[in-house]
Number of protein chains: 2
Amino acid sequence: MTRQKQAVSSLLDRTEEFTSAQELHARLRQAGEHVGLTTVYAQLRMLAEAGEIDSVRSENGEALYRRCTTGTHHHHLVCRSCGKTVEFDAHDIEAWARRLAGGHGFIETAHVMEISGICEDCA
Amino acid sequence: MTRQKQAVSSLLDRTEEFTSAQELHARLRQAGEHVGLTTVYAQLRMLAEAGEIDSVRSENGEALYRRCTTGTHHHHLVCRSCGKTVEFDAHDIEAWARRLAGGHGFIETAHVMEISGICEDCA
DNA sequence: TTATCTGCAAACATTTTGCAGCGAG
DNA sequence: CTCGCTGCAAAATGTTTGCAGATAA
């Protein structure tokens, strides 16, 4: 268990949202941890192969990773103008998504859901 | 309406599966149609913006395109392993999303929702 | 010591952009 | 003629690979 491995794993523990390799790397840098980008990729691949993290693809093709959990997580409502963000949980929607996926024979489902708009301050 | 535009559109009409820009380009070449790769990308972007084709991301980050089967807004349930896709509409969820956003003072809301999993054939 | 991990540099694959020219209407 | 479409070349982006040196056990 190296320092770098520790750092990546620990950061994933503290992160609920699906996050890109690039951003994880940037955050480690910002936190003063010196971990190479290549190493972040290597770690993410190992963790993904070991089934410890989930990965999905974002709209623009980036790979996003998140520690596997069966627990709840939350989503964001983001203002396209000023970036203001409201967190919300979507318990009902998640159950609905799992049910819909299951109805088509899919397992290990993950979902991405983001809502954007213009907040009242920017309107 | 140029020859190239015609060729891309026509090929999409004849293709049921989600297909990458690269492969569409290769098939046009093979069919003797000389259409530049850049042009294929340009066409795909125009068609996607016009809502005439759907795009999803494959496991490895490629963008895949297909002529919309329905003219209406819908979402995708995608197999992370083989790319099999099921379209579904999410009328209830959309109403819920608008209500939630409105409750926080947001207007002009848009949403992104994609569900992924492993389909029964790949399980 | 030794197998594994790290990370620089370079390779890769896909997609986008700059721009000069072509061609449909 | 004019404006949008085309497509070459080059850049941008995200990710992977080769490999030599560092490090945990």
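No experiment lies behind these values; they were computed from the predicted model shown. In what follows, every heavy atom counts, from backbone to side chain, and hydrogens, waters and symmetry copies are set aside.
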Colleague: Any idea which of D:dA25, C:dG25, D:dG14 is nearest the B:Met1 side chain?
Modeller: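 Closest of the options to the side chain of B:Met1: C:dG25.
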Colleague: Whole-Å distance between D:dT6 C1' and B:Met46 CE?
Modeller: 9 Å
Colleague: Can you give me the bend angle of the helix from C:dT1-D:dA25 to C:dG25-D:dC1? Use the axis through the first five pairs and the one through the last five, nearest 10 degrees.
Modeller: 30°
Colleague: Find which nucleotide of DNA chain C each of B:Arg3 and B:Gly61 is nearest to by heavy atoms, and output the residue with the more 5' nucleotide.
Modeller: B:Gly61
Colleague: B:Ser9: which residues meet the side-chain hydrogen bond (donor to acceptor under 3.5 Å, both in side chains) condition with it, sequence neighbours left out?
Modeller: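 side-chain hydrogen bond (donor to acceptor under 3.5 Å, both in side chains) list for B:Ser9, sorted by chain: B:Arg67.
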Colleague: Which one of A:Lys5, A:Arg27, A:Arg3 satisfies the salt bridge (charged side-chain N to carboxylate O under 4.0 Å, His left out) criterion with A:Glu33?
Modeller: A:Arg3
Colleague: Quick one: do the A:Gln43 and A:Tyr65 side chains pair a donor with an acceptor below 3.5 Å?
Modeller: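 Not at all, the side chains of A:Gln43 and A:Tyr65 share no donor-acceptor pair under 3.5 Å.
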Colleague: B:His76: what forms a ring-ring contact (aromatic ring centres under 6.0 Å, His included) with it, not counting sequence neighbours?
Modeller: B:Phe18, B:His74
Colleague: Can you measure A:Lys5 atom NZ to D:dA24 atom P for me and round it to whole angstrom units?
Modeller: 12 Å
Colleague: Report the distance from atom CD of A:Gln4 to atom C1' of C:dT6, rounded to the nearest whole Å.
Modeller: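 Nearest whole value for this atom pair: 6 Å.
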Colleague: Residues in side-chain hydrogen bond (donor to acceptor under 3.5 Å, both in side chains) with B:Gln6, at least two apart?
Modeller: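 Result, side-chain hydrogen bond (donor to acceptor under 3.5 Å, both in side chains) vs B:Gln6: none returned.
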Colleague: Of the nucleotides D:dG7, C:dG7, D:dA25, which one has an atom closest to the side chain of B:Thr39?
Modeller: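 Comparing D:dG7, C:dG7, D:dA25 against the side chain of B:Thr39, the answer is D:dG7.
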Colleague: Got a sec? Which of residues 16-36 of chain B come in under 4.0 Å of DNA chain D, heavy atoms?
Modeller: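 B:His34, B:Val35, B:Gly36 - these, ordered by number, are the residues of the stretch whose heavy atoms sit under 4.0 Å from the strand.
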Colleague: Where do N or O atoms of nucleotides 17-23 of chain D meet protein N or O atoms at under 3.5 Å, pair by pair?
Modeller:
none

Colleague: Please report the closest heavy-atom contact between B:Cys79 and B:Cys122, naming both atoms and the distance.
Modeller: SG-SG, 3.9 Å
Colleague: For a quick check of understanding: with a heavy-atom distance under 4.0 Å over all strands, which category does B:Ala42 fall into, base, sugar-phosphate or nothing?
Modeller: nothing
Colleague: Taking atom types as modelled, find out whether B:Gln30 and B:His25 have a side-chain donor-acceptor pair closer than 3.5 angstrom.
Modeller: no
